[in-house]
Undergrad: 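This is the structure I want to talk about, given as structure tokens.
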Amino acid sequence: MSILLHKGTRVLVQGITGRVGRAQARWMLDYGTNIVAGVTPGKGGEEVEGVPVFNTVAEAVSERGAEASVFFIPAPAVKAAATETIDAGIRLIVVVTEHLPVHDAMEVRAYAREHGATLLGPTSPGIITPGESKMGIMPGNMFRPGRIGVISRSGTLAYEICADLAAAGMGQSTAVGMGADPVVFTGLPELLGLFDNDPDTDLVVIVGEVGGTQEEHAARFIPEHMSKPVVAYIAGHSAPKGKRMGHAGAIVQGSMGTAESKARALREAGVQVARYPLDVVALVNKVLRE
């Protein structure tokens, strides 16, 4: 079992004819992802890695039964592409694209919620159900099948922590890169709820970071709505006070958004919080034993 993505999911790659889209499509296919179509306007009729390319999402859905999409397209094209994709009936979209304007992200999020679609990103490394399928840029060799759900605002930290868990014999049911921009399409509470309803997930790991308020929102959600234990790691305890960090989402708002405030809120919600990434494995073991 998994959330959102499984081996049979029929995946569409938007921007498949570009340099990045072409390379990532090859790696997703190698992993076992069921890529059934690509879309690049004006390139319909071509093939990439044996995958047929269409001019529109509606054609890809009609001809190939695509039901999920991953974006490797420029930021200015994302809003129109997301609207087109949702209108075509696709209900899972992974937006790897960086530098999406905040107002565009807000409009896309509202449109997706209105139509019951789940979007990950912007700036998402993707989603992976180990041993089955992946959408995005996550390196498949750092994950293994198991019963730990992972939600991360950081791509590289997700890879590191999942690799540590895998080395300790604890694989993942699904690992989700939610993105860490100031506005994300799907927040931590929604993703926690999906894992809580998954019968094959025993525990959820949150990989958070300084900036934004997603972790504080999660801390309010967990005591009332989560029946499964949660472990967290928050990056950024050494971030200098009053300095904006490099990531778009790493903005501290008053007393919220610091690594300390996030860790404190989660602990008050009953979450075990690791000080360092390597501590996650020990905490997961401890919580599962309890």
Side-chain angles (χ1 to χ4, degrees), residues 2-6 9 11 13-15 20-21 24 27-28 31 33 68-73 75 78 82 92-100 105 108-109 112 117-130 132-144 146 148-166 171-195 198 201 204-212 214-215 217-218 230-236 246-250 277 280:
S2 59
I3 68 164
L4 301 174
L5 179 67
H6 56 83
T9 303
V11 175
V13 179
Q14 288 176 249
V20 175
Q24 294 296 335
W27 291 328
M28 286 187 284
Y31 193 74
T33 304
S69 181
V70 56
F71 284 14
F72 297 102
I73 60 178
V78 166
L92 173 61
I93 302 172
V94 174
V95 180
V96 178
T97 307
E98 297 182 310
H99 309 303
L100 185 66
V108 170
R109 181 175 67 180
T118 298
L119 276 68
L120 301 176
T123 321
S124 169
I127 178 172
I128 184 168
T129 296
E132 295 191 30
S133 184
K134 76 179 187 111
M135 294 172 62
I137 63 174
M138 290 183 169
N141 64 330
M142 302 187 81
F143 302 81
R144 62 173 285 178
I148 308 298
V150 177
I151 309 168
S152 181
R153 292 180 62 209
S154 164
T156 50
L157 281 172
Y159 313 156
E160 177 181 350
I161 286 173
C162 286
D164 290 342
L165 288 167
Q172 301 83 46
S173 53
T174 304
V176 181
M178 61 178 286
D181 282 7
V183 173
V184 291
F185 300 131
T186 303
L188 262 174
E190 295 98 321
L191 294 169
L192 284 166
L194 290 176
F195 276 119
D198 175 26
T201 295
V204 184
V205 174
I206 294 172
V207 184
E209 62 184 22
V210 64
Q214 283 292 325
E215 293 84 353
H217 293 319
V230 179
V231 167
Y233 166 70
I234 309 297
H247 200 287
V280 170

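Predicted, not measured: the structure shown is a model, and the values here were computed from it.
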Undergrad: Is there a side-chain contact between I161 and V150 in this structure, where contact means two heavy atoms from C-beta onward sitting under 4.5 Å apart?
TA: no
Undergrad: Working to the nearest 0.5 angstrom, can you tell me the gap between I3 CD1 and D198 CG?
TA: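 Result: 7.0 Å between the selected atoms.
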Undergrad: Atom CD1 of I137 and atom CH2 of W27: how far apart are they, to the nearest 0.5 Å?
TA: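 It is 10.0 Å, given to the nearest 0.5 Å.
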Undergrad: Among all residues two or more places apart in sequence or in another chain, which pass the side chain to side chain donor-acceptor pair (under 3.5 Å) test with S124?
TA: none
Undergrad: So which heavy atom on G149 is nearest to which on F195, and how close?
TA: CA-CE2, 3.5 Å
Undergrad: Would you give the length of the straight line joining atom CD of E132 to atom CG of L5, rounded to the nearest 0.5 angstrom?
TA: 8.0 Å
Undergrad: Taking the side chain from T186 and the backbone from T118, do they hold a donor-acceptor pair closer than 3.5 Å?
TA: no
Undergrad: Taking the side chain as everything from C-beta on, heavy atoms only, tell me whether V95 gets closer than 4.5 Å to V78.
TA: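 Heavy-atom side-chain distance check passes, below 4.5 Å.
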Undergrad: Hey, which of I206, V207, L188 is the one that makes side-chain contact (heavy atoms from CB on, under 4.5 Å) with M178?
TA: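 The side-chain contact (heavy atoms from CB on, under 4.5 Å) with M178 is passed solely by L188 among I206, V207, L188.
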Undergrad: I'd like to know if the side chain of R153 reaches the main chain of Q214, judged simply by a donor and an acceptor atom lying under 3.5 Å from each other, with no hydrogens or angles considered.
TA: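 It does not hold such a pair.
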Undergrad: Would L191 and L120 count as a side-chain contact (heavy atoms from CB on, under 4.5 Å) if you check the C-alpha gap in whole Å, the side-chain angles of each, and the deciding distance to 0.1 Å?
TA: CA-CA 10 Å; L191 294 169; L120 301 176; 4.2 Å; yes
Undergrad: How close do P122 and V184 get, counting heavy atoms only, and between which atoms?
TA: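 The pair with the smallest heavy-atom distance is CD-CA, 4.2 Å.
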Undergrad: Identify, with sequence neighbours excluded, every residue that meets salt bridge (Lys or Arg N to Asp or Glu O under 4.0 Å) alongside E190.
TA: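 Testing E190 for salt bridge (Lys or Arg N to Asp or Glu O under 4.0 Å), a comparison that skips the adjacent residues, returns R113.
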Undergrad: Can you measure from CE (M142) to CG (L165) and round to the nearest 0.5 angstrom?
TA: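 The distance works out to 11.5 Å.
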Undergrad: Do L100 and F71 pass the side-chain contact (heavy atoms from CB on, under 4.5 Å) test, and can you show the C-alpha distance, the side-chain angles, and the key distance before you say yes or no?
TA: CA-CA 12 Å; L100 185 66; F71 284 14; over 6 Å; no
Undergrad: Is S173 reaching over with its side chain to a backbone N or O of T201, donor-acceptor style, under 3.5 angstrom?
TA: no
Undergrad: Check the pair T174 / I127 against side-chain contact (heavy atoms from CB on, under 4.5 Å), numbers first and verdict last.
TA: CA-CA 7 Å; T174 304; I127 178 172; 3.6 Å; yes
Undergrad: Determine the minimum heavy-atom distance between F143 and A175, stating which atoms define it.
TA: CE2-CB, 3.7 Å
Undergrad: Can you tell me if H99 has over 12 outside heavy atoms packed within less than 6.0 Å of its NE2?
TA: no
Undergrad: Could you pull out the closest heavy-atom pair between G140 and Y31, with the gap in Å?
TA: CA-CE1, 3.6 Å
Undergrad: Using side chain to side chain donor-acceptor pair (under 3.5 Å) as the criterion, list what pairs up with Q24, not counting sequence neighbours.
TA: none
Undergrad: Minimum heavy-atom separation for F72 to M28, with atom names?
TA: CE1-CE, 3.8 Å
Undergrad: Would you say that P125 contacts M138 through its side chain, given a criterion of any heavy-atom pair below 4.5 Å between the two side chains?
TA: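 Side-chain contact under 4.5 Å: yes.
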Undergrad: Counting only N and O atoms by type, is there a donor-acceptor contact under 3.5 Å from the side chain of E215 to the main-chain atoms of E209?
TA: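 Yes: the side chain of E215 pairs with the backbone of E209.
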Undergrad: Can any side-chain N or O of Q172 pair as donor or acceptor with the backbone N or O of T129 at less than 3.5 Å?
TA: no
Undergrad: Nearest 0.5 angstrom please: L119 CG to S69 OG, how far?
TA: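 One finds 9.0 Å between CG of L119 and OG of S69.
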Undergrad: For F185 and I93: C-alpha separation, side-chain torsions, deciding distance, then whether side-chain contact (heavy atoms from CB on, under 4.5 Å) applies.
TA: CA-CA 10 Å; F185 300 131; I93 302 172; over 6 Å; no
Undergrad: If you compare all heavy atoms of T9 against all heavy atoms of A68, which two are closest, and at what distance to 0.1 Å?
TA: CG2-CB, 3.7 Å
